[in-house]
Amino acid sequence: MKIYTRTGDAGTTALVGGSRVSKDSPRLNAYGTIDELNSHLGLLAATPGVDAPSIDFIQSIQNRLFNLGAYLATPSESATPDTLPAPKGIDESEIRHIEAEIDRLDTTLPPLNSFILPGGCPAACQANIARTVCRRAERHIITLAATSPVHPLAIAYVNRLSDYLFTLSRHLNNLSSTPELPWRP
């Protein structure tokens, strides 16, 4: 199988199902940013200083993000709010799973008394980069949802994921004994 097809040379790409859209469409921005986030998470998992339980959790998220990307690449224009499917592997229990991991990490962290600047050890910095890409993905999914049906769990999952990445960055700084930098307005 060849990697290049030349079918996108004119600035369009095929969605799941075969329809073609512009490479700057809201749908492509949404799933393309999820793909970018997944790549940043791969780099985060490979960054020295990330503990094994966090690597396992990150890799489980990467699998869910692959499903979410496929979901966003599949138009469901004929779906109604009652028939709109959720992304595969993303349900309320998966969101609760992320919340439980946030809560678990949070019990090991010092109280948060002010805003903190992104930074610290390289692993925490990478977690913060992933967090900002996650927030951008969320904005792109919301933009897509304004014109095409998107299950609310897709948005909730990405929103909760950004909360996890913030907490993970704090956890990674804590593991490396790197102090947090408080915002000084």
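- Residue Ile55 is grouped with residue Leu168 when hydrophobic side chains (ILVMFWY) are merged at heavy-atom distances under 4.5 angstrom, including chains of intermediate members.
- Judged purely by atom type and a 3.5 angstrom limit, Arg64 has no side-chain atom pairing as donor or acceptor with the backbone of Lys88.
- Under the 4.5 Å side-chain heavy-atom criterion for grouping Ile, Leu, Val, Met, Phe, Trp and Tyr, Ile95 is not connected to Phe166 through any hydrophobic cluster.
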Expected list for residues 139-150: side-chain donor-acceptor pairs under 3.5 angstrom, two or more places apart:
unit_1	atom_1	unit_2	atom_2	d
Thr143	OG1	Arg139	O	3.1
Thr147	OG1	Leu144	O	3.3
Ser148	OG	Arg27	NH2	3.4
Ser148	OG	Glu77	OE2	3.1

I'd like to know whether Arg96 forms a salt bridge (charged side-chain N to carboxylate O under 4.0 Å, His left out) with Glu99, so could you lay out the CA-CA distance, the side-chain angles of the two residues, the decisive distance to 0.1 Å, and finally the verdict. CA-CA 5 Å; Arg96 285 192 304 276; Glu99 290 170 347; over 6 Å; no

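- The aromatic rings of Phe115 and Trp183 sit perpendicular to each other, their planes meeting at more than 60°, with 30° as the lower class boundary.
- Pairs of residues two or more places apart, or lying in two chains, that qualify as side-chain hydrogen bond (donor to acceptor under 3.5 Å, both in side chains) and include a residue from residues 34-43 are Glu36-Arg136, Asn38-Gln62, His40-Gln126.
- Cys125 and Gly120 make their closest contact through SG-O, 3.6 Å (heavy atoms, listed as atom of the first residue, atom of the second, distance).
- Residues Ile98 and Leu41 share a single hydrophobic cluster, defined by chaining ILVMFWY side chains whose heavy atoms lie under 4.5 Å apart.
- Ser76 and Leu84 make their closest contact through OG-CD1, 3.5 Å (heavy atoms, listed as atom of the first residue, atom of the second, distance).
- Between Arg131 and Asn128, the side chains place a donor N or O and an acceptor N or O closer than 3.5 Å (distance only, hydrogens not considered).
- A heavy-atom distance below 4.5 Å is found between the side chains of Ile34 and Val158.
- You'll find the ring centres of His97 and Phe57 inside the 6.0 Å limit.
- Cluster annotation: Phe66 is not connected to Ile155 through the hydrophobic network of ILVMFWY side chains, with a link wherever side-chain heavy atoms come within less than 4.5 Å.
- Looking at heavy atoms from C-beta onward, Thr47 lies out of side-chain contact with Leu172 at the 4.5 angstrom threshold.
- Looking at heavy atoms from C-beta onward, Asn67 lies out of side-chain contact with Ile90 at the 4.5 angstrom threshold.
- Judged purely by atom type and a 3.5 angstrom limit, Asn173 has no side-chain atom pairing as donor or acceptor with the backbone of Ala124.
- Between the side chains of Ser54 and Asp51, at least one donor N or O lies within less than 3.5 Å of an accepting N or O.
- At least one side-chain heavy atom of Tyr157 sits under 4.5 Å from a side-chain heavy atom of Leu65.
- A continuous path of ILVMFWY side-chain contacts below 4.5 Å connects Leu105 to Leu161, so both sit in one hydrophobic cluster.
- Here the closest non-hydrogen pair linking Arg135 and Asp163 is NH2-OD1, 3.4 Å.
- With rounding to the nearest 0.5 angstrom, the CG atom of Leu68 is 12.0 Å from the CD1 atom of Ile61.
- By the 4.5 Å heavy-atom criterion applied to side chains, Pro182 and Leu117 are not counted as neighbours.
- No side-chain heavy atom of Ile116 sits less than 4.5 Å from a side-chain heavy atom of Ser169.
- Legend: side-chain hydrogen bond (donor to acceptor under 3.5 Å, both in side chains) pairs involving residues 102-125, not counting sequence neighbours, sorted by first then second residue: Glu101-Arg104.
- Leu109 CG to Arg170 CZ: the interatomic distance, rounded to the nearest 0.5 Å, is 5.0 Å.
- Judged by distance alone, with hydrogens and angles left aside, the side-chain atoms of Thr178 form no donor-acceptor pair with the main-chain N or O of Asn174 at under 3.5 Å.
- Contact check for Leu28 versus Leu72: no side-chain heavy atoms found under the 4.5 Å cut-off.
- The minimum heavy-atom distance linking Tyr71 with Pro85 is given by the pair OH-O, 3.0 Å.
- Distance check: Leu153 CG to Asn159 CG gives 12.0 Å after rounding to the nearest 0.5 Å.
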